[in-house]
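Accompanying notes for the structure given below.
This chain uses plain numbering: 1 for the first residue, then up along the sequence. Please read all numbers here as calculations on a predicted model, not as lab measurements. The analysis underlying the following values was restricted to heavy atoms, covering all of them including side chains, and did not include hydrogens, waters or symmetry mates.
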Amino acid sequence: MAPRRDVSAERKTQILDAALRVFARKGFYEARMEDIAREAGLSKGLLYWYFGSKEALIETLLILLFEPDLRDLERLLREPHRPTPERLQELAQNALSTLLPYQDLMPIVYEFYALATRPGPVKKAVQQYYRRYRELLSELLAQGIARHELRPDLDPSQTALALLAQFEGLILLWVIGPDHVDIERHWHAITQQSLACLLPEPEPYP
């Protein structure tokens with residue numbers, strides 16, 4: 001008798017895709033678990049077996065959205081042979097490439113972020129992401145400072161926070177007013193301006 005196939009991962013993907021569609025149509029607060037179960041073609045009981053609440057669903061969705069950026073940063077940290085400014089520029093470009101396909105979902109993501117202002121699994125997931133991202137970015141900046149590729153007076157942790165704030169602020173402005181923010185043009189402009197501020201002063205001519 002052939003072993004039974006484990007469908008847990010497929011089922012979870014099916015539920016998460018259905019949840020995104022329901023949240024996109026109804027918004028987080030109007031969406032109900034039974035709506036998601038119906039969209040996924042499952043019973044409500046089976047949905048609750050995989051995810052005990054809407055908050056648990058959102059926690060998993062956010063982790064899936066966060067993972068590509070963290071993996072990219074971890075990869076760049078493992079490439080210390082490359083110039084740090086080059087790696088920072090690649091990080092910014094990859095982050096934009098990851099962001100663009102989710103343009104239609106970004107308003108929903110900010111609904112999720114509203115939950116992160118209250119204690120619970122969503123707040124924990126968001127906090128862990130930003131904490132880890134800042135730690136990894138700080139490590140990358142520290143590599144550049146140690147190799148004299150970036151300004152020696154930079155504080156890696158504070159600089160990482162400032163960079164995060166700039167790009168997160170731009171994303172928020174884009175979500176609020178997409179007709180007034182050309183995300184690709186402004187993203188590249190901020191990337192270049194930020195890198196220019198991080199580079200050491202050129203050596204004076206003798």
Side-chain angles (χ1 to χ4, degrees), residues 1-75 91-134 136 164 167-184 187:
M1 183 176 179
R4 297 180 65 182
R5 184 166 57 94
D6 182 4
V7 298
S8 296
E10 295 176 20
R11 190 76 77 193
K12 286 182 179 178
T13 299
Q14 177 185 354
I15 292 169
L16 293 170
D17 289 343
L20 281 175
R21 292 194 296 271
V22 172
F23 289 142
R25 288 200 306 268
K26 295 194 168 190
F28 168 75
Y29 293 101
E30 294 298 322
R32 301 173 302 168
M33 289 293 274
E34 47 262 49
D35 298 325
I36 297 169
R38 188 180 308 111
E39 184 79 19
L42 303 173
S43 69
K44 187 176 175 183
L46 188 57
L47 173 60
Y48 273 105
W49 191 84
Y50 283 102
F51 297 98
S53 65
K54 278 200 298 183
E55 286 77 10
L57 261 170
I58 292 167
E59 179 187 10
T60 304
L61 285 170
L62 287 174
I63 290 171
L64 289 175
L65 290 173
F66 294 155
E67 277 183 348
D69 287 339
L70 293 177
R71 285 199 304 267
D72 196 42
L73 244 178
E74 290 168 348
R75 176 186 61 80
L91 177 67
Q93 180 57 48
N94 291 348
L96 177 62
S97 299
T98 301
L99 175 68
L100 289 175
Y102 291 104
Q103 179 174 3
D104 293 339
L105 294 178
M106 289 308 298
I108 308 165
V109 172
Y110 278 99
E111 282 194 56
F112 297 167
Y113 275 20
L115 292 176
T117 63
R118 301 196 296 271
V122 176
K123 181 173 186 175
K124 182 180 177 182
V126 174
Q127 285 182 331
Q128 286 179 339
Y129 165 70
Y130 282 113
R131 186 182 302 116
R132 182 62 178 152
Y133 196 97
R134 185 178 176 185
L136 293 170
L164 266 171
F167 287 102
E168 289 293 333
L170 178 60
I171 295 170
L172 177 59
L173 292 174
W174 173 55
V175 172
I176 292 172
D179 294 336
H180 304 287
V181 176
D182 183 335
I183 187 66
E184 295 189 63
W187 192 277

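Side-chain contact between M33 and L57: present, with at least one pair of heavy atoms (C-beta onward) separated by less than 4.5 Å. Between R75 and N94, some side-chain heavy-atom pair lies under the 4.5 Å cut-off. For the pair W174/M106, a side-chain contact is recorded, criterion being any heavy-atom separation below 4.5 Å from C-beta on. In this structure the side chain of I15 reaches within 4.5 angstrom of the side chain of F51, judged on heavy atoms. Counting heavy atoms from C-beta outward, I171 and W187 have side chains that approach closer than 4.5 Å. The side-chain heavy atoms of D35 and E30, taken from C-beta on, include no pair separated by under 4.5 Å.
Salt bridge status for E55 with R118: absent, with no side-chain N to carboxylate O gap under 4.0 Å.
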Cut-off 3.5 Å, no hydrogens considered: what does the side-chain donor-acceptor table look like for residues 59-70, sequence neighbours left out?
residue: T60; atom: OG1; partner: A56; partner atom: O; Å: 3.1
residue: D69; atom: OD2; partner: Y129; partner atom: OH; Å: 3.4

From CA spacing to verdict: side chain to side chain contact (heavy atoms under 4.5 Å, CB included), E74, R132
CA-CA 10 Å; E74 290 168 348; R132 182 62 178 152; 3.9 Å; yes
Would you check, one step at a time, whether the test side chain to side chain contact (heavy atoms under 4.5 Å, CB included) holds for Y110 with L172?
CA-CA 9 Å; Y110 278 99; L172 177 59; 3.7 Å; yes
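With sequence neighbours left out, Y133 forms a side-chain hydrogen bond (donor to acceptor under 3.5 Å, both in side chains) with no residue at all.
No option in V122, I108, V126 other than V126 meets the side chain to side chain contact (heavy atoms under 4.5 Å, CB included) test with Y113.
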